Structures are given as structure tokens and as C-alpha cells.
Amino acid sequence: MVTETIFFDGGAHYGDLLANLLLGFTLLWLPLTLAAVFRAFYLRYRFTNLRVTVISGLTGQDRSDFSYNVIKDVQVVPRFIGEWGDVIITLKDGTKVDLRSVPKFRDIAKYCLSMAEKPVVLKESGAKGF
């Protein structure tokens with residue numbers, strides 16, 4: 001039996017919440033601020049040697065798990081000044097899993113690629129907003 005070891009277990013980057021709270025004083029930015037608050041308090045990411053887990057919802061009842069052998073591709077999108085970013089995981093069935101405001105996003109994406117036995121070459125688009 002293989003023991004499961006955790007590579008990363010955490011929520012959205014605190015900078016995402018802070019930046020959106022500061023900009024939330026403008027009425028135009030308010031919906032994005034509410035989304036950042038939700039991510040900060042109700043979203044968790046866990047990457048282990050066996051699977052990727054996304055836990056969300058008020059009580060953590062919404063949970064998605066998938067193993068690395070179903071990963072087809074991993075892309076990253078830096079946010080702010082590259083302090084955090086989004087990780088987009090494409091599964092072999094075409095499903096895209098979008099993980100937002102991930103801390104250490106480049107390391108996590110490289111880990112996913114290595115665990116999926118794919119070449120560890122990140123596809124990174126330019127920084128886009130917060």
C-alpha cells in the first residue's frame with residue numbers, strides 16, 4: 001500500500017484577498033472582491049503524491065478529486081506581479097479544472113506535470129490583472 005504524502009495543502013493566496021479588498025472600495029470592483037473573499041474562506045487545494053483535491057463550499061461538502069494519470073496538460077497564468085497565479089489543468093476527457101489564486105503556482109504546476117509523467121515545460125501566458 002502506498003502512503004499518501006502532501007506536497008501542498010492550502011487555500012487561495014492572501015495577496016489576492018488583500019488586493020481585492022483594497023480595490024473593493026470602488027463599486028465597480030465589488031463583485032470581484034466578493035469572489036476573492038469566497039476563495040479565501042471557502043476554497044482549499046491539496047496536491048499529494050496520488051491525487052489533486054479541490055474542496056469548496058460553506059462546509060467543504062463540494063469535493064473534486066482526480067489522479068495525475070488523467071492529466072493531459074497544465075498551464076499557468078500569473079496574477080498581480082507573479083506572486084500568485086491560476087493553474088489550468090486539462091484532463092484527458094477535455095475537462096478543464098481552473099484553480100484560481102494559487103500560491104507557489106509555478107512549483108505546483110511543475111509538480112503536477114512531473115507526477116503525470118509529462119515533460120515539465122510550463123505554458124505560461126502573460127500576467128493578467130489580479
Side-chain angles (χ1 to χ4, degrees):
M1 183 170 174
V2 178
T3 58
E4 191 166 20
T5 57
I6 296 173
F7 175 74
F8 175 81
D9 185 9
H13 192 278
Y14 66 89
D16 177 53
L17 176 63
L18 184 62
N20 279 288
L21 283 174
L22 291 173
L23 292 168
F25 290 112
T26 65
L27 193 57
L28 182 65
W29 204 270
L30 196 56
L32 298 173
T33 301
L34 294 176
V37 169
F38 177 81
R39 281 192 300 270
F41 292 111
Y42 303 114
L43 187 62
R44 309 270 314 157
Y45 306 120
R46 182 177 300 137
F47 297 85
T48 70
N49 61 325
L50 301 178
R51 63 183 159 198
V52 177
T53 303
V54 180
I55 303 167
S56 62
L58 296 176
T59 60
Q61 75 274 14
D62 296 330
R63 178 182 172 137
S64 299
D65 292 286
F66 56 90
S67 67
Y68 293 103
N69 61 4
V70 299
I71 293 177
K72 177 181 175 184
D73 189 32
V74 178
Q75 299 176 343
V76 295
V77 180
R79 300 291 179 188
F80 195 54
I81 55 174
E83 288 294 313
W84 63 87
D86 299 346
V87 177
I88 299 105
I89 300 173
T90 305
L91 305 181
K92 289 180 180 174
D93 67 357
T95 304
K96 289 193 180 227
V97 181
D98 192 4
L99 309 176
R100 300 221 171 239
S101 303
V102 179
K104 300 192 297 183
F105 65 101
R106 287 183 184 95
D107 294 337
I108 289 171
K110 287 177 185 174
Y111 181 77
C112 288
L113 285 169
S114 69
M115 294 303 289
E117 298 177 357
K118 304 284 184 194
V120 184
V121 177
L122 286 182
K123 294 176 187 166
E124 184 170 327
S125 62
K128 297 183 178 168
F130 292 96

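The shown structure was predicted, so the numbers you read here are calculated from the model rather than taken from an experiment.
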Interatomic distance, CG@L50 vs OG1@T5, rounded to 0.5 Å, equals 7.0 Å
*asked:* Evaluate V70 against D93 for side chain to side chain contact (heavy atoms under 4.5 Å, CB included), listing each step before the verdict.
replied: CA-CA 8 Å; V70 299; D93 67 357; over 6 Å; no
Rounded to the nearest 0.5 Å, the CZ atom of R79 sits from the CZ atom of R100 at a distance of 6.0 Å
Assign the ring pair Y111 / F7 to parallel, tilted or perpendicular, where the plane angle (0 to 90°) is split at 30° and 60°. parallel
With sequence neighbours left out, the residues meeting salt bridge (Lys or Arg N to Asp or Glu O under 4.0 Å) with D9 are R44, R46
### Message
Taking the side chain as everything from C-beta on, heavy atoms only, tell me whether D86 gets closer than 4.5 Å to D98.
### Response
yes
### Query
Is F38 atom CZ crowded by more than 12 heavy atoms from other residues, nucleotides or ligands, each under 6.0 Å away?
yes
Check this for me: E4, atom CD, are more than 12 non-hydrogen atoms of other residues, nucleotides or ligands nearer than 6.0 Å? yes
Output for pair (K96 NZ, L91 CG), nearest 0.5 Å, gives 10.5 Å
Distance-only criterion, 3.5 Å: show the donor-acceptor pairs between side-chain atoms of residues 102-109 and protein atoms not counting sequence neighbours.
{"unit_1": "R106", "atom_1": "NE", "unit_2": "E124", "atom_2": "OE1", "d": "3.2"}
{"unit_1": "R106", "atom_1": "NH2", "unit_2": "E124", "atom_2": "OE2", "d": "2.9"}

Between I89 and T95, is the side chain to side chain contact (heavy atoms under 4.5 Å, CB included) condition met? List the steps.
CA-CA 8 Å; I89 300 173; T95 304; over 6 Å; no
Output for pair (S101 OG, Y45 OH), nearest 0.5 Å, gives 6.5 Å
The salt bridge (Lys or Arg N to Asp or Glu O under 4.0 Å) partners of D62 (sequence neighbours excluded) come to none
